[in-house]
Each structure stands twice: as structure tokens, then as C-alpha cells.
Protein chains: 2
Amino acid sequence: MATLKYSRQRESIKEFLTGRTDHPTADFVYENMKQIYPNISLGTVYRNLSLLADLGEIQKLSSFGGADRFDARTVPHCHFMCTRCGRVMDVFSEHIDKSLESIAADFKDGQISDYKARFFGICKECLKEESH
Amino acid sequence: MATLKYSRQRESIKEFLTGRTDHPTADFVYENMKQIYPNISLGTVYRNLSLLADLGEIQKLSSFGGADRFDARTVPHCHFMCTRCGRVMDVFSEHIDKSLESIAADFKDGQISDYKARFFGICKECLKEESH
DNA sequence: CTGGTTGCAAAAGTTTTGCAACGAG
DNA sequence: CTCGTTGCAAAACTTTTGCAACCAG
């Protein structure tokens, strides 16, 4: 097994993600990291995002079409994507969490190790605009 | 609105998908279509898969990392992906369907127009191999 | 004819990787 | 010193698109 070594870049990337509630793409992370490390490369960002996801410190979301998104919130939770503006938001609901837990438990032999759910629709901001 | 015209290629693509229970990628569809239309192009496959998805005749699944997958089953349903062999299978469970419906209903203002859920774990085939 | 569809190829977009230099332990 | 990490660039992979020829209605 590879022994992990400290890297400023990796630390900054994780810190950056932790400070946000949206779900940035790798390229967006890259653009922001450039302000701290002008020479950082996109490859480094991808490598660290992958590594952090493997360690379970962040979550990779491959669910929305286009580039993958990354989320520092690692507890199982759902996402809502607005089909009009493309924004991806976390969904908070005990009802939802309980339902998904019971869904996972519904599988035979405890096969489920993880699950993700996402919902599509039009967000309130877009609905507001629509009524103008 | 564009008026749809008949195309043998589109018909074959849809027929191909309908006859399968796995969830092929565009490239896999392309490789198989070549046996019927040796000159068919990947662009045509992508265009028709997109078109069929827009028409609601098939479903595009962007949820599993790597290339998108396509599914002729259009009723809302969940998928299970084996994290070991990568296979993607449909999940049948009244319990799950009811839970997801009630999740969607939990949103205010009927915002939800669609939802997808997927579960990860190790499939029975892989578990069997593991015990050797 | 008209305009949707196709094959082809180029381009765009996303992610991975080989490699030499660098740096943490 | 060792080996994980970085920057850079090339490559791999996935999807979209411009265009002239083609074909369904």
C-alpha cells in the first residue's frame, strides 16, 4: 500500500471544497487553485480529487451529465438538479433519508454498500423568473 | 418543430436496445449496428440515442462514471451497479418504487419532475467468486 | 422540392497518464 | 535516500458538430 505524504495542493483542494455548498467540477477547482498556486496543473487537481474520493474524504458525483462534480459532504444525501439553470443542490429531508435507508435495507444479503439518488425539476429561482 | 422522418438506423437502434436487459454504451450500440449497417457512423448513433431520449422512448443514464449508458425501459426504476465487475442491473422492488414516489411527493410545490436512484455494492456473481 | 438524416471528419470537452524534477519523511 | 507528488504535455476517451450527399414525405 502506498504511504500517503503531505501535499499543500491536496490540503488546499480539500479545504476549498469543504468551504462550499455547491458542487464544483474539477476544472472549477483548478481555476480557483490557480489563485493560490499559479503553476498548479489540471492533472494534479484530478489526481487529488480522485485520491480524496478514494479515501472517502470527498464524494465524486457522476450523475448530472457533463463533467463530474465533487462534494465535501460525505454523509449519504441526495441532490436536486434544476433542469433549467443546471444548478445542483443538496436535499435535506428526514423523510427522504429514512426512505433511502429502508430501500437499502430491502436488499437481500446486505448487498448495498452505498447509494445515491437525485431528483430533477425546476428550482424556485427559475420558477420565480418564469412568472415574470 | 422539426417533423420526424423515418430512419432505418434509428429504428434498429431502438429495437436493439429494447431487446436487451443490460445498459449498453453508445459505442457498444455502434459496434453492434455496424453488423447491420457497415457504414453507420458513431455520430449517427449518438444523434439517434439523444433524439430517442428526448422523445422519451429510451432513457439516458449518466450515473455510473465513464460513458453514458442507454436503457429502453422508460418507467422510473432504479439501478444497481456492482463496484467490482461494473455491471449495471435493474432493481425491481415495490418497496423501493413506493418509497421513491413518496420522496418525490415530499417536495414542496410539486417541483420534482423526475428522479433516479442507484445503489452500489457487490453483485451475487462476484460474491460467489469471492468465496472460492 | 423540402428539410430531416447520414457518413465522415474535425473539434470540443473531460479525464488519464508517462516522465523527469521535486519534496516529505 | 526513497518514493509519493507535481507540472507539463501528450494521449485516451466521450460526445458534439459542420458539411455535402442522401432520402423520406
Side-chain angles (χ1 to χ4, degrees), chain A residues 1-17 22-55 57-71 81 83 86 88, chain B residues 1-17 22-55 57-71 81 83 86 88:
Chain A
M1 261 298 175
T3 313
L4 209 58
K5 285 187 181 172
Y6 173 81
S7 123
R8 286 169 299 161
Q9 290 89 334
R10 191 185 310 133
E11 175 143 315
S12 292
I13 289 171
K14 184 173 177 195
E15 188 190 350
F16 176 73
L17 276 181
D22 59 352
H23 306 80
T25 61
D27 192 66
F28 187 85
V29 174
Y30 170 58
E31 289 301 329
N32 281 268
M33 284 303 106
K34 277 206 284 198
Q35 296 172 13
I36 312 180
Y37 312 101
N39 293 320
I40 197 173
S41 77
L42 187 54
T44 295
V45 172
Y46 269 105
R47 271 187 295 236
N48 279 309
L49 287 171
S50 271
L51 184 49
L52 289 169
D54 289 346
L55 294 173
E57 299 188 22
I58 65 172
Q59 207 183 153
K60 177 176 168 179
L61 308 173
S62 308
S63 311
F64 306 104
D68 289 344
R69 292 153 180 270
F70 296 87
D71 189 348
M81 182 183 211
T83 53
V88 175
Chain B
M1 263 295 179
T3 314
L4 209 58
K5 285 188 180 174
Y6 173 80
S7 123
R8 285 168 300 158
Q9 290 90 331
R10 190 185 309 134
E11 175 142 315
S12 293
I13 289 171
K14 181 171 180 196
E15 188 189 350
F16 176 73
L17 277 182
D22 59 354
H23 305 80
T25 61
D27 191 66
F28 186 85
V29 174
Y30 170 59
E31 289 303 328
N32 280 269
M33 284 303 105
K34 278 205 285 197
Q35 296 172 13
I36 313 179
Y37 311 100
N39 293 320
I40 197 173
S41 77
L42 188 52
T44 296
V45 172
Y46 269 105
R47 271 186 295 239
N48 279 310
L49 287 171
S50 269
L51 184 49
L52 289 168
D54 288 346
L55 294 173
E57 299 189 21
I58 64 173
Q59 206 182 153
K60 176 177 169 177
L61 308 173
S62 308
S63 309
F64 306 104
D68 289 344
R69 293 153 180 273
F70 297 87
D71 189 348
M81 181 184 213
T83 53
V88 174

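So that the names make sense, note that chain A is the first sequence line, chain B the second, and so on, each numbered from 1.
Within the model, atoms CG of B:Asp68 and CD of B:Gln59 stand 12.0 Å from one another, a figure rounded to the nearest 0.5 Å. Here the straight-line distance linking atom CG of B:Leu17 with atom CZ of B:Arg69 works out to 12.5 Å at 0.5 Å rounding.
Counting non-hydrogen atoms under 4.0 angstrom, B:Asp68 reaches the backbone sugars and phosphates but no base. The residue B:Leu42 sits close to a base: some heavy atom pair falls under 4.0 Å. Residue contacts shown for B:Thr44 include a base, since a base heavy atom lies under 4.0 Å away.
Atom CG in A:Leu52 sits roughly 16 Å away from atom P in C:dT15 (whole-Å rounding). Atom-to-atom, CZ of A:Phe28 to C1' of C:dG13 comes out at 18 Å; the value is rounded to the nearest Å. Between the CD1 atom of B:Ile40 and the P atom of C:dA9 there is a distance of 15 Å, given to the nearest Å. Atom CG in B:Leu61 sits roughly 16 Å away from atom P in D:dT14 (whole-Å rounding). Rounded to whole Å, the distance from NZ on B:Lys34 to P on C:dC8 is 10 Å. Here the P atom of nucleotide D:dG4 and the CD atom of A:Gln9 are 17 Å apart, to the nearest Å. We find that OH of A:Tyr6 is positioned 11 Å from P of D:dT6, with the value rounded to whole Å. Counting to the nearest Å, the P atom of C:dT5 and the CE atom of B:Met33 are 17 Å from each other.
Across C:dT16, D:dT14, C:dC8, the shortest atom-to-atom separation from the side chain of B:Asn39 is found for C:dC8. Considering only the side chain of A:Leu51, D:dT5 comes nearest among D:dA24, D:dT15, D:dT5.
Mapping A:Arg10 and B:Tyr46 onto DNA chain D by nearest heavy atom places A:Arg10 closer to the 5' end of the strand. A residue-by-residue look at B:Arg8 and B:Phe70 shows that B:Phe70 has its nearest nucleotide of DNA chain D further toward the 5' end. Comparing B:Arg47 and A:Arg69 by the nucleotide of DNA chain C that holds the closest heavy atom to each, the one mapping nearer the 5' end is B:Arg47.
Scanning both residues, A:Ala67 and A:Thr25, for their nearest heavy atoms gives CB-CG2, 4.0 Å.
With a 4.5 Å cut-off on side-chain heavy atoms, B:Val29 and B:Phe70 do not count as touching. Here the side chains of A:Glu31 and A:Lys34 are in contact, with some heavy-atom distance below 4.5 Å.
Taking only side-chain nitrogens and oxygens, B:Ser7 comes nearer than 4.0 Å to OP1 or OP2 of C:dT6.
Evaluation of atom-type donor-acceptor distances gives no pair under 3.5 Å for the side chain of B:Lys5 against the base of D:dC23.
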